[in-house]
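Reading through the structure tokens given below for one structure.
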Amino acid sequence: MSGTILGVIADDFTGATDIAGLLARSGVRVSLRIGVPDAAPNGTSAFEVIALKSRTAPVQEAIDETRAALAWLRDAGAHRFFWKYCSTFDSTAEGNIGPVAEALMADLGTDQTIYCPAFPENGRSIFMGNLFVGQQLLSESPMKDHPLTPMRDSNLMRLLHPQVSKPVGLIDRLVVAQGVEALRDSLSQHHADGTSHVIVDAVANADLETIAAACRDMPLITGGSAVAMPLPALYLADGLLSADAPKQQLHDLERKTIVLSGSCSAMTNAQVDAYIARGAPSYRLDPLALSQSGPQAVLEWLTQQDLGAAPLIYATADPAQVKAAQAELGASNVGALIEDTLAECARVARDAGARRIIVAGGETSGAVTKALDVTQLDIAVEIAPGVPWTYCTSGGTQIALALKSGNFGREDFFTLAQNKLDTP
Ligand code: ADP
């Protein structure tokens with residue numbers, strides 16, 4: 001047994017499943033905790049991920065929660081740490097990326113860390129300190145209009161500077177391209193100059209390999225999920241992780257399945273259309289009808305379904321329909337109404353024997369896991385980059401959950417997910 005090596009703290013839930021899924025590509029067991037567990041660590045995995053909901057929380061609250069997560073992970077035996085935030089560096093001038101990083105550095109007694117939100121497989125790259133989404137600068141991408149964290153600058157040094165108290169520097173792609181030693185030398189130089197916060201360019205997976213190799217001994221790495229991907233193999237090579245560390249096994253679960261979609265992202269709309277076109281039984285939630293008559297109709301429909309046919313319940317709608325429902329009921333009311341209804345559907349389906357639950361939507365996933373009383377997930381097979389199947393216990397029985405944030409996966413996601421659990 002290697003015990004826990006790496007402790008990851010993620011600032012939101014689907015971000016946590018994203019990094020957990022990438023670490024699990026190594027085959028080693030990865031556990032994800034929703035919030036800081038109340039109980040002391042016991043029987044923890046080599047890789048432990050704690051999902052917080054701190055991305056847009058007040059700065060001090062985010063710091064306090066993250067420090068509590070760090071303390072739990074240290075108790076679990078972790079001796080390397082990763083602060084995971086969004087690959088589009090979602091933050092405001094106040095934080096929370098920088099202030100949380102400085103709090104973690106203080107607790108860990110370290111005075112240097114790196115920032116690498118690049119995720120080339122998903123089109124996020126950093127060049128000369130500027131973050132790109134596909135071929136667009138971050139500030140010209142749809143992220144410029146994000147309702148909570150509009151990203152109006154693409155330069156990570158400028159974005160990070162107001163969030164931290166110590167100097168910010170850059171190691172650019174020209175240095176990264178020279179390899180591990182050059183990167184290490186540059187980090188030492190920055191350290192000697194008192195530069196605590198170092199942005200590191202990366203445009204391809206090979207850059208991430210170099211960065212992870214050069215930084216693997218740092219107490220704290222910060223970034224998107226992708227720069228953590230090479231860590232398991234490096235830990236294995238270093239002897240930190242033993243080759244016989246427990247692997248995640250596939251469980252033989254009944255095929256009864258429910259698909260729940262509360263996401264209205266463009267990709268989810270396409271996934272719902274494709275699944276219905278395949279002939280899947282489906283029920284569309286109408287927010288106005290729900291607000292008037294409650295969830296009885298959908299729950300009745302659900303109890304009449306053959307769960308072997310993996311029926312779909314969806315609220316997914318195009319932007320005009322969403323706007324109309326929001327105008328009628330208020331945006332947060334309609335969101336909560338649908339989340340509560342889908343969460344109730346998940347509970348009813350589980351009680352009716354569903355052992356595989358597929359959920360589309362980040363907030364929707366949070367509502368479903370809460371309703372199912374799930375606090376810990378073991379990461380299983382990957383369905384799409386950033387979306388793994390997970391195993392958990394709910395209502396005293398083992399189930400599999402696939403939790404997908406809006407824009408992840410391809411059009412055939414719901415079908416692919418079902419196939420993957422049987423033939424990874
Ligand atoms: P995503 O990951 O795509 O952002 P989320 O589940 O995080 O998905 O957010 C989608 C939000 O939209 C949820 O609060 C959900 O309840 C709400 N929603 C879903 N369908 C509708 C609809 N038809 N009208 C209005 N709001 C909706």
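One-based numbering, in listed order, for ligands and for the atoms of each. Predicted, not measured: the structure shown is a model, and the values here were computed from it.
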Modelled atom types, side-chain donor and acceptor of [X] and [Y], under 3.5 Å:
X	Y	result
Ser394	Arg350	yes
Asn205	Glu209	no
Ser261	Thr268	no

What is the nearest protein non-hydrogen atom to [atom], stated with its residue, atom name and distance?
atom	value
atom 12 (O) of ligand 1	Gly262 O, 3.8 Å
atom 24 (N) of ligand 1	Val322 CA, 3.8 Å
atom 4 (O) of ligand 1	Ser265 OG, 4.3 Å
atom 7 (O) of ligand 1	Glu363 N, 2.7 Å
atom 27 (C) of ligand 1	Ile338 CD1, 3.6 Å
atom 14 (O) of ligand 1	Glu339 OE2, 2.5 Å
atom 6 (O) of ligand 1	Thr364 OG1, 2.6 Å
atom 8 (O) of ligand 1	Gly361 CA, 3.3 Å

Could you tell me whether [X] and ligand 1 have an N or O pair separated by under 3.5 Å?
X	answer
Gly335	yes
Ser263	yes
Gly406	yes
Gly362	yes
Ala315	yes

| said: Between Glu61 and Lys53 (salt bridge meaning N to carboxylate O under 4.0 Å), is one present in this structure? | reply: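 A salt bridge is absent here (no side-chain N lies under 4.0 Å from a carboxylate O).
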| Heavy-atom donor-acceptor pair, Thr222 side chain to Trp83 backbone, under 3.5 Å |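 Side chain of Thr222 to backbone of Trp83: no pair is present.
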| query | Counting only N and O atoms by type, is there a donor-acceptor contact under 3.5 Å from the side chain of Asp378 to the main-chain atoms of Ser31? | reply |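 No, because the side chain of Asp378 does not come within donor-acceptor range (under 3.5 Å) of the backbone of Ser31.
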| request: Apply the side chain to side chain donor-acceptor pair (under 3.5 Å) test between Glu48 and each candidate in Arg29, Arg33, Gln376; give the one that qualifies. | output: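 Passing option: Arg33.
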| query | Among Val368, Leu403, Val334, whose heavy atom sits nearest atom 26 (N) of ligand 1? | reply |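 Result: the heavy atom closest to atom 26 (N) of ligand 1 is in Val334.
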| Picking from Pro142, Ser91, Cys86, what satisfies side chain to side chain contact (heavy atoms under 4.5 Å, CB included) with Met151? |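 Passing option: Ser91.
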| request: Would you check if Asp107 and Glu102 make a side-chain contact, meaning some heavy-atom pair closer than 4.5 Å? | output: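 When only atoms from C-beta onward are counted, Glu102 and Asp107 do not touch, as no gap falls below 4.5 Å.
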| Atom indices of ligand 1, in the order listed, that fall short of 4.0 Å to a heavy atom of Ala317 |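 Ligand 1 atoms under the 4.0 Å threshold to Ala317: 23 (N).
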| Approximate separation, where rounding is to 0.5 Å, of Phe119 CZ and Thr88 OG1 |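 Going from CZ on Phe119 over to OG1 on Thr88, the span is 12.0 Å.
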